[in-house]
Number of protein chains: 2
Amino acid sequence: MGTTTAERPSGFEQSGFDAFTALCPSRRLLDTIGDKWVSLAIVALGLRGPLRYSELASQIEGVSQKMLTQSLRKMERDGLLTRTVTPSVPVRTDYELTPLGQTLLPVLAHLKEWAEDHMAEVDEARTAYDSKV
Amino acid sequence: MGTTTAERPSGFEQSGFDAFTALCPSRRLLDTIGDKWVSLAIVALGLRGPLRYSELASQIEGVSQKMLTQSLRKMERDGLLTRTVTPSVPVRTDYELTPLGQTLLPVLAHLKEWAEDHMAEVDEARTAYDSKV
DNA sequence: CGGGATCCCCCGCGATACTG
DNA sequence: CAGTATCGCGGGGGATCCCG
């Protein structure tokens, strides 16, 4: 726990200030799930199990072919999902979350929880801020 | 393309995840804390209490003055922190997390926890992926 | 069907200079 | 000290074409 002041949420003191370097784990996680298509793909795969490329593309609205492929490759490289190519004609490719990738679902659920609990306050603050400027 | 109505398959609403529209709260939260300087500023203010502009600038290594100001303004607008200007000579400006902003600290702590628990696996997966390609 | 390769545009961001 | 204003570029990402 905090060595300085009480009332500080635990979890940040131990690692010191490596959160302020580019290579810190938290930073890299945010870089990953902060990617719009990455997080959407994780949620889609988490909800519906394995999906084909075209299924992902149709469910994640607005994603370009290039960005979807790019995001999926990055996730595969990071071990978050598996990519299974069936060399039929035409080709079939299935994507599925790995156990590691599945551990991100609760994390995203926490984000969702905060968002649903507090985003209305953000909107109010934003409206108030804009109205007086 | 813009904000066309999402034509996603039925069933997402039930699941609780509505992440496939651009305006969904979770999406907006990720847009906020996905911002490198925003999350770093929140952590810095959470750890060390109120800080002056120059203190934030020195603690968040590598941030440009423009981006720091821009991020802080956005956070103020969203009600995540307060900006207090003391019209002395020279001017003094203090930034402090609001109660709303403080509620983000546990969320970021969760992210940090996942990162510390699993980022090593990501690195292994990444190394394995790179070595066989 | 599931991409890879290419072109190109936009704007986010840094650097710099100036002000209250 | 804590910003604002302006310029310039680099690269992220969409659009398009093509291929196995």
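Labels below follow one simple rule: chain letters A, B, ... track the order of the sequence lines, proteins then strands, and each chain is numbered from 1. Computed from a predicted model, the values in this text were never measured in an experiment.
In this structure, OH of Y53(B) is placed 11 Å from C1' of dT4(D), rounded to the nearest angstrom. At whole-Å resolution of the value, CD in E61(A) and P in dG14(D) are 13 Å apart. Across the protein-nucleic acid pair, K36(A) atom NZ and dG12(D) atom P stand 17 Å apart, rounded to whole Å. Regarding D31(A), its CG atom lies at a distance of 12 Å from the P atom of dG12(D), rounded to whole Å. Atoms CH2 (W37(B)) and P (dG12(C)) sit 16 Å apart, rounded to a whole Å. Counting to the nearest Å, the P atom of dA2(D) and the CD1 atom of I60(B) are 14 Å from each other.
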Check nucleotides 16-19 of chain C for protein N or O atoms closer than 3.5 Å to its own N or O atoms and list the pairs.
none

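Salt-bridge check for D31(B) with K36(A): failed, with every basic side-chain N at 4.0 Å or more from each acidic carboxylate O.
The side-chain hydrogen bond (donor to acceptor under 3.5 Å, both in side chains) test with Y53(B) is passed by exactly one of T93(B), D94(B), T69(B): T69(B).
With dA2(D), dG14(C), dC13(C) as the candidates, the nucleotide lying closest to the side chain of S64(B) is dG14(C).
The salt bridge (Lys or Arg N to Asp or Glu O under 4.0 Å) check on D123(A) picks up R28(B), with sequence neighbours excluded. Scored by the salt bridge (Lys or Arg N to Asp or Glu O under 4.0 Å) test, R126(A) finds D78(B) as partners (sequence neighbours excluded).
Helix-axis bend for the helix from dC1(C)-dG20(D) to dG20(C)-dC1(D): the local axis fitted to the five terminal pairs at one end deviates from that at the other end by 50°, rounded to 10°.
Through chains of ILVMFWY side-chain contacts below 4.5 Å, V85(A) is grouped with V91(A).
Within residues 77-98 of chain B, the residues having any heavy atom under 4.0 Å from DNA chain C are, by residue number, V91(B).
In terms of phosphate contacts, S54(B) brings a side-chain nitrogen or oxygen within less than 4.0 Å of OP1 or OP2 of dA2(D).
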